[in-house]
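Take a look at the structure below.
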Amino acid sequence: MDSVKEIKSNIETELNKEIPNWDNLLKMTLAHFDCSTGTLHFLDTNSLLQLKTQVGIPEFLIPKLATIPIGKGMAGIAAERRKPVEMCNLQTDDSGVARPSAKDTKVEGSLAAPLMHNDKLYGTIGIAKPVPYDFTESETNLLMEIGTLISKKLS
């Protein structure tokens, strides 16, 4: 079985549980993409992204990313645009997409994708590597597919 089929199968297995282990799901995703850091945010009833789980985020930064408004930072912009947002090197970004505190994560290649199902936003998933990296179109599409699988569970 190729790795793309395997990750989708593993995620579907986790999502088929009555209560998915979101930590395990995020860790599986990070392992597949060879990433060191990741976040999973779910949209609340006030249209704010609430942190569900994270891997590799420094403790002192967690309060800054616990609640993210739509349109702020990579996750918020991915949610607002309903499209993936990528950065080859978050450390040298001057586009204004990444918040200044994002540089404290020490990650470089980053990808945030909205959790979408039937044109409805459910949250975001973000993954990052400690080195500059351009995610391929197939990697971006796979993260979007993972987001759709998560969204179906949340819908």
Side-chain angles (χ1 to χ4, degrees), residues 3-5 7-12 14-15 20 22 25-57 61-62 64-155:
S3 66
V4 170
K5 283 185 183 149
I7 184 66
K8 285 189 202 174
S9 171
N10 291 343
I11 284 178
E12 285 175 341
E14 188 61 54
L15 291 171
W22 300 111
L25 188 141
L26 183 58
K27 287 173 183 167
M28 280 188 263
T29 303
L30 294 175
H32 175 81
F33 287 97
D34 193 27
C35 287
S36 58
T37 306
T39 58
L40 186 60
H41 285 85
F42 291 163
L43 195 65
D44 71 12
T45 54
N46 298 316
S47 294
L48 293 168
L49 296 167
Q50 299 293 343
L51 185 66
K52 186 66 179 176
T53 187
Q54 60 81 26
V55 172
I57 301 290
L61 280 180
I62 292 174
K64 291 184 179 185
L65 56 86
T67 301
I68 297 177
I70 303 286
K72 295 285 183 189
M74 286 185 68
I77 290 173
E80 181 180 57
R81 294 178 182 169
R82 296 174 181 235
K83 288 185 182 155
V85 173
E86 182 191 354
M87 246 169 244
C88 171
N89 190 341
L90 194 143
Q91 297 302 314
T92 58
D93 173 66
D94 58 8
S95 69
V97 169
R99 296 171 109 169
S101 59
K103 292 185 175 166
D104 293 334
T105 60
K106 305 293 184 228
V107 297
E108 299 188 16
S110 312
L111 178 62
L115 305 179
M116 301 286 299
H117 177 56
N118 290 337
D119 290 327
K120 185 173 178 201
L121 179 69
Y122 290 90
T124 60
I125 186 168
I127 60 174
K129 295 176 180 274
V131 295
Y133 186 78
D134 284 313
F135 288 89
T136 66
E137 186 176 344
S138 61
E139 288 171 323
T140 303
N141 291 341
L142 177 58
L143 192 62
M144 287 293 290
E145 285 181 56
I146 290 169
T148 299
L149 294 172
I150 295 168
S151 299
K152 285 178 182 175
K153 177 67 176 185
L154 298 175
S155 66

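Residues: numbered from 1 along the sequence shown.
- For the atom pair NZ (Lys129) and CG (Leu111), the distance works out to 10.5 Å, reported to the nearest 0.5 Å.
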Take Thr29 and Leu40 through the side-chain contact (heavy atoms from CB on, under 4.5 Å) test and state the conclusion after the steps. CA-CA 11 Å; Thr29 303; Leu40 186 60; over 6 Å; no

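- Side-chain contact between Leu48 and Phe42 is absent, with no heavy-atom pair separated by less than 4.5 Å.
- The two residues Lys52 and Trp22 come nearest to each other via the heavy atoms CE-CD1, 3.3 Å.
- Note that CG of Leu143 is 9.5 Å distant from CD of Glu139, once rounded to the nearest 0.5 Å.
- The minimum heavy-atom distance between Glu12 and Leu149, with the atom names listed, is OE2-CD2, 3.5 Å.
- Rounded to the nearest 0.5 angstrom, Met116 CE and Thr148 OG1 are separated by 8.0 Å.
- Using a 4.5 Å cut-off on side-chain heavy atoms (C-beta onward), Pro114 and Glu80 make no contact.
- Judged by distance alone, with hydrogens and angles left aside, the side-chain atoms of Arg82 form a donor-acceptor pair with the main-chain N or O of Asp119 at under 3.5 Å.
- Applying the side-chain contact (heavy atoms from CB on, under 4.5 Å) criterion to Ser47, with sequence neighbours excluded, gives no partner residue.
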List the steps and the verdict of side-chain contact (heavy atoms from CB on, under 4.5 Å) for Ile68 and His41. CA-CA 9 Å; Ile68 297 177; His41 285 85; 3.4 Å; yes

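- Taken to the nearest 0.5 Å, the OG1 atom of Thr136 stands 8.0 Å off from the CZ atom of Phe33.
- Gln54 places no side-chain N or O within 3.5 Å of a backbone atom of Ile62 that could act as its donor or acceptor partner.
- Results of the side chain to side chain contact (heavy atoms under 4.5 Å, CB included) test with Leu43 over Thr124, Leu115, Ile70 single out Ile70 as the only residue that passes.
- At a threshold of 4.5 Å between non-hydrogen side-chain atoms, the residues Leu51 and Ile57 do not count as touching.
- Under the 4.5 Å side-chain criterion, counting only non-hydrogen atoms from C-beta, Leu26 is in contact with Ile125.
- His117 and Tyr122 have tilted rings, their planes meeting at an angle from 30° to 60° on a 0 to 90° scale.
- Residues Ile127 and Ser110 form no side-chain contact, since every pair of their non-hydrogen atoms from C-beta on lies 4.5 Å or further apart.
- Of all heavy-atom pairs between Leu25 and Ile150, the closest is CD2-CD1, 3.6 Å.
- We find the CE-NZ distance between Met144 and Lys83 to be 10.0 Å, quoted to the nearest 0.5 Å.
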Could you walk me through whether Leu142 and His32 pass the side-chain contact (heavy atoms from CB on, under 4.5 Å) check? CA-CA 10 Å; Leu142 177 58; His32 175 81; 3.2 Å; yes

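- Screening residues 140-154 for salt bridge (charged side-chain N to carboxylate O under 4.0 Å, His left out), with sequence neighbours left out, gives Lys8-Glu145.
- Scanning all heavy atoms of the two residues, the minimum distance from Val85 to Arg81 falls at CG2-NH1, 4.2 Å.
- Nearest approach of Met28 to Ile11, heavy atoms of both residues: SD-N, 4.3 Å.
- Here the closest heavy-atom approach between residue Pro84 and residue Thr140 is recorded as CG-CG2, 3.5 Å.
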